[in-house]
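Structure, as structure tokens:
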Amino acid sequence: MNFTGVFFSITEIIGTIAFAVSGALLAIERRLDLFGVLFLSVITALGGGVIRDLIIGSIPPWAFTNPEYLALALFSGLATFVAVYIFRARFSVLKERLSQINNYFDALGLAAFSMVGAEVSLASFPGNWVLCLFLGMTTGIGGGILRDIMSREVPYVFKKHIYGVASLAGCGLYWVIWTLTRRNTLAALLGMAVVITIRVLATHFHWNLPRILLSESKE
Amino acid sequence: MNFTGVFFSITEIIGTIAFAVSGALLAIERRLDLFGVLFLSVITALGGGVIRDLIIGSIPPWAFTNPEYLALALFSGLATFVAVYIFRARFSVLKERLSQINNYFDALGLAAFSMVGAEVSLASFPGNWVLCLFLGMTTGIGGGILRDIMSREVPYVFKKHIYGVASLAGCGLYWVIWTLTRRNTLAALLGMAVVITIRVLATHFHWNLPRILLSESKE
Amino acid sequence: MNFTGVFFSITEIIGTIAFAVSGALLAIERRLDLFGVLFLSVITALGGGVIRDLIIGSIPPWAFTNPEYLALALFSGLATFVAVYIFRARFSVLKERLSQINNYFDALGLAAFSMVGAEVSLASFPGNWVLCLFLGMTTGIGGGILRDIMSREVPYVFKKHIYGVASLAGCGLYWVIWTLTRRNTLAALLGMAVVITIRVLATHFHWNLPRILLSESKE
């Protein structure tokens, strides 16, 4: 494996951990038991990729043939559970800290997962830019949407910050560069840069997409 | 494309718009941002067909190879967002009006989508009437169920009016006529007539299926 | 069909009824109409198997080519609806009774469905123990998770009793015995025994997996 391969593997590993931790934290807040916590860790980390693989007909999904990522998600969820148990008296402080750190790792994960999704989509259906954008985004945000649905939350990505759009922008750039040059690595690096930049700026400056606040809205 | 083809394309277009508008309205009520509004518009309009295609193994799903319907759903969601923003001070009036108009278009969409689902199912698995009924219904109501799940609602079709049953009745008639005559167009036209008739009558006379109102029910 | 085949068919039939009844009861509590009640009965009984078949690419899913189980789920849901209607004045008593009986049938269903899932998974992908565990568990608990998501509940299996873990333990034993001996029936019988034993003991002694009760938890 060359430098590029190592680079992408590292970003995927970081993303898997960040996604699993976010699933575990929400599950713990919801008072789920250890099984529920680990289940949501795995769903958050691997769910987007599984949906992608079902849509492109890649059977069995990648997550089941590369169990080291499954193991990583389980371990991350377990470590979060233990950490929260130890510091349970000061959970809000711990959660605040973890979420702050996790936000940056999560941006890296969103970027890496989106690029993987775009790349896999183009490898299977080279000309289809609609699939490329949709599956890149699905790989990036699908796990989080499943996590929120299973926790009885309206998906977070529908409400706050430039999250889905960051993924779409990165996948769009990936598609443009790949179409022009057929260079996967270049396309993925620049696409990741776009996703991370948008996410970090959106977090820092509290950017949000427009929404309509009706007086009759039901929260 | 002959007259029949144009007729069905028009009903599908109207159905796509009606479903996308219903997704956008619910998303706006839920205070979702523009990304959430557009996402729910697309899911409501195209989600049922995607589930159908996954179940029959039609890869990639139709929605991704016919991006004009995706574009139509996005545009309908965006137009709804803009209209609601402009008339936000009188949202309940606007929503009432839109829902009234939308109800008839929605009946047309339910009818058209159900017939498409039944037809696709029989084309892939000719003898299987269970699949025909289930996939016709799934194409018709699947998008709405996904919309409601993602908005943290109990699916509307489980609670009010003769919605799923209208779709099933139309698909059943489609199956009978197709089995007897192998004439797709005739089967689809009569099936659509049944769906629309049931839906319009059910709305007008406030028909509902039986349900049990327990004193202990949790709403 | 030999004795073993009859034995497994009977456990699957009992499991289908138990799962459908649990779906119908929750739907009635949620004030769903008859369509919603039957839909949730079917989803609870057959949903786990459909997810499994989508993941291993078995198209169309088994549930659609064996409509007798679909009919059984529909009938069980309808019978529950009628029974609750007749005894609606004393619903909490009826529900208590039904749930108590159903709990044992449900354990049998969980055991049978988990073994079917493990067996189907190993038949398609012989060496993959990750798939075997995950798909056995998915076949066992997937329908209940769909039921809860569609009823706006946090999935029950994430919160109470040793449910998912019982399924995993049984599938793990299935995998070990099958790998060592290639004897499906022996593996399935011992796997079922493990699932049922864990479930019955967990219910009787109120075993639960650890969870963290934070003061800030949102229920």
Side-chain angles (χ1 to χ4, degrees), chain B residues 50-59 120-122 124-135 137-138 141-142 144-169 198 202 207-219, chain C residues 23-43 46 50-51 53-55 57-71 74 78 80-96 146-154:
Chain B
V50 170
I51 299 177
R52 176 201 63 217
D53 289 344
L54 293 181
I55 289 178
I56 63 172
S58 173
I59 299 295
V120 168
S121 171
L122 286 174
S124 300
F125 302 96
N128 195 325
W129 65 271
V130 176
L131 258 184
C132 173
L133 287 187
F134 186 84
L135 291 184
M137 183 182 75
T138 297
I141 73 176
I145 292 178
L146 287 178
R147 171 200 67 204
D148 293 342
I149 289 176
M150 290 187 174
S151 314
R152 216 178 52 185
E153 301 275 345
V154 173
Y156 182 83
V157 297
F158 295 170
K159 290 197 292 192
K160 288 255 178 78
H161 305 119
I162 318 287
Y163 202 92
V165 171
S167 172
L168 282 176
I198 295 179
W207 288 346
N208 282 304
L209 289 174
R211 58 177 184 152
I212 304 172
L213 295 180
L214 301 160
S215 44
E216 303 97 333
S217 277
K218 40 180 171 173
E219 194 62 64
Chain C
L25 283 177
L26 183 56
I28 292 167
E29 268 196 299
R30 282 288 186 187
R31 302 191 179 203
L32 303 192
D33 67 17
L34 183 55
F35 178 78
V37 170
L38 297 181
F39 196 101
L40 276 197
S41 302
V42 170
I43 282 281
L46 305 177
V50 171
I51 298 176
D53 289 344
L54 292 181
I55 289 178
S58 173
I59 300 295
W62 180 89
F64 299 111
T65 51
N66 294 269
E68 59 273 21
Y69 284 91
L70 181 65
L74 283 171
L78 185 62
T80 308
F81 189 84
V82 171
V84 170
Y85 181 78
I86 293 172
F87 297 103
R88 66 192 175 284
R90 300 164 62 201
F91 176 66
S92 25
V93 178
L94 177 71
K95 196 200 152 194
E96 185 74 16
L146 287 178
R147 172 198 68 204
D148 293 343
I149 289 176
M150 289 189 175
S151 314
R152 217 177 54 184
E153 302 275 346
V154 173

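Sequence lines set the chain letters: A, B, ... in the order given, protein chains first and strands last, and positions in each chain run from 1. Model, not experiment: these values are computed from the prediction.
- Using a 4.5 Å cut-off between heavy atoms, C:L34 touches chain B through backbone and side chain atoms alike.
- There is no contact between B:L146 and chain C, counting heavy-atom distances below 4.5 Å.
- Put simply, the side chain of B:K159 does not reach to within 4.5 Å of the side chain of C:R31, judged on heavy atoms.
- Checked by atom type and distance alone, the side chain of C:N66 never pairs as donor or acceptor with a backbone atom of C:E68 at under 3.5 Å.
- If you measure heavy-atom distances from C:Y85 to chain B, the contacts under 4.5 Å come from both the backbone and the side chain.
- In terms of modelled atom types and a separation under 3.5 Å, the side chain of C:D33 and the main chain of B:L209 share no donor-acceptor contact.
- In this structure, B:I55 CD1 and B:L131 CG are separated by 8.0 Å, a value rounded to the nearest 0.5 Å.
- If you measure heavy-atom distances from B:M137 to chain C, the contacts under 4.5 Å come from the side chain alone.
- Under a 3.5 Å cut-off, the side chain of C:T65 and the backbone N or O of C:W62 do form a donor-acceptor pair.
- For B:I149, the part lying under 4.5 angstrom from a heavy atom of chain C is the side chain only.
- Residues B:D148 and B:V157 fail the side-chain proximity criterion, which asks for heavy atoms closer than 4.5 Å.
- Within the 4.5 angstrom heavy-atom criterion, no atom of B:I162 approaches chain C.
- Here CG of C:L32 is found 6.5 Å from OG of C:S151. Values are rounded to the nearest 0.5 Å.
- Residue contact with chain B, scored on non-hydrogen atoms closer than 4.5 Å, involves the side chain of C:L40 exclusively.
- For B:L135, no part lies under 4.5 angstrom from a heavy atom of chain C.
- Contact annotation for B:N208: neither backbone nor side-chain heavy atoms come within less than 4.5 Å of a heavy atom of chain C.
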